[in-house]
Amino acid sequence: MQVIVKSNYDDVSSEAYKLIVKIVEANPNAILGLATGSSPIGLYNNMIDGYKKGMSYKEIRTVNLDEYIGLGKNDSQSYITFMKENLFSHIDINLDNVNLPNGLCKNQEEECQRYTALLATMQQDIQILGIGSNGHIGFNEPGTAIDSTTNIVKLKESTRLDNQRFFSSLADVPTHAITMGIKNIMMAKSILVVATGKNKAEAVYKMIKGPVSIDCPASILQLHNNCTVIIDTDAASKL
Ligand code: F6R
């Protein structure tokens, strides 16, 4: 694990962007694994600025980590909507090349199989991750099997409370999500974790210094041979 500590969110975002530039410049057809949430928004803003300055994302392909069960493209809080609002609508990406699990699927088991099969054909050149305050990656909560593939997750109360800020009330936060499994994440050629803020300090500590344990899913990343963690001083405060 390579750990880079920057002084604030903006510096974390521009440092993370350098990795993306390197990958897209080396391979315009690169496969980017994307995340939602607050952590990567600054990175996505850098990607949008890069596009305005001439960088092209026309040929890249993307796979997102997860989606809420019950939400889809017409819902303001779905992850497909998030990705459009925070990245896809602002760059020259071909929307035929973006992939997310379908939160509105009729048959959840089939959808998990479809997404895992898709991922088997789309090894991420880089997988971007945030980290939950409980150490989750994607929506793989503590206790998830290390060899999990795409699966349906009952969200922990702590995760629903963390994400309540995006909804009008806790009752509106979905109870379940569909997420890439830990195995699907670990298959990526490289992994980039971005985290900022004091509320991530404990999880960041366990990810980097803790035992590799499914009690903190992010600690499994210690076993990946090309994982970069970019954090601010607050998130690094327990290291
Ligand atoms: C998002 C995801 C989650 C978030 C994590 C951190 O697609 O899978 O694991 O990365 O919950 O969220 P933020 O960045 O909002 O603190």
Side-chain angles (χ1 to χ4, degrees), residues 8-10 12-13 16 32-46 62-69 71-72 75 77-88 98-103 112 115 119 124 126-144 148-167 173-186 188 191-204 206-207 214 216-221 227-232 234-236:
N8 54 45
Y9 181 82
D10 287 347
V12 165
S13 302
L32 306 184
L34 302 177
T36 58
S38 309
S39 306
I41 289 180
L43 163 61
Y44 296 156
N45 286 339
N46 276 272
T62 68
V63 281
N64 258 81
L65 284 169
D66 41 22
E67 178 60 281
Y68 286 119
I69 290 292
L71 301 191
D75 294 290
Q77 296 309 331
S78 70
Y79 284 171
I80 177 62
T81 300
F82 175 99
M83 289 311 304
K84 284 185 181 159
E85 285 178 353
N86 290 289
L87 185 64
F88 298 157
V98 314
N99 298 279
L100 286 91
N102 178 7
C112 290
Y115 207 64
L119 292 169
Q124 308 94 311
I126 189 164
Q127 176 63 56
I128 299 163
L129 297 175
I131 176 172
S133 60
N134 65 1
H136 72 217
I137 48 174
F139 272 131
N140 296 287
E141 300 281 27
T144 313
S148 62
T149 54
T150 312
N151 63 101
I152 306 289
V153 183
K154 183 173 179 349
L155 298 175
K156 296 260 190 240
E157 205 55 13
S158 60
T159 298
R160 295 184 66 239
L161 282 166
D162 280 350
N163 290 359
Q164 185 186 343
R165 66 191 192 278
F166 298 112
F167 294 82
V173 184
T175 54
H176 290 76
I178 177 167
T179 182
M180 243 186 232
I182 292 176
K183 189 173 169 189
N184 305 124
I185 292 171
M186 292 295 280
I191 292 181
L192 162 64
V193 185
V194 279
T196 53
K198 279 230 153 37
N199 67 324
K200 297 292 173 71
E202 180 73 25
V204 163
K206 287 185 179 158
M207 166 173 67
I214 206 57
C216 174
S219 67
I220 311 288
L221 300 172
C227 177
T228 306
V229 177
I230 308 181
I231 51 182
D232 71 351
D234 282 344

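By convention here, the first residue in the shown sequence is residue 1. Note that ligands are numbered from 1 as they come in the structure, with each ligand's atoms numbered from 1 the same way.
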Q: Parallel, tilted or perpendicular, judged at 30° and 60°: which one describes the rings of Tyr68 and Phe139?
A: tilted

Q: Walk me through it: do Glu67 and Ser78 pass the test side-chain contact (heavy atoms from CB on, under 4.5 Å)?
A: CA-CA 7 Å; Glu67 178 60 281; Ser78 70; 3.7 Å; yes

Q: Which residues pass the salt bridge (Lys or Arg N to Asp or Glu O under 4.0 Å) test with Glu157, not counting sequence neighbours?
A: Arg160

Q: So do the side chains of Asp234 and Thr196 get within less than 4.5 Å of each other, counting heavy atoms only?
A: no

Q: So which residues, sorted by chain and number, lie with a heavy atom under 4.0 Å of ligand 1?
A: Ala35, Thr36, Gly37, Ser38, Ser39, Leu65, Asp66, Gly130, Ile131, Gly132, His136, Gly138, Arg165, Lys200

Q: Is any side-chain heavy atom of Asn64 closer than 4.5 Å to one of Val98?
A: no

Q: Can you see which heavy atom on Cys216 is nearest to which on Gly135, and at what distance?
A: SG-CA, 3.9 Å

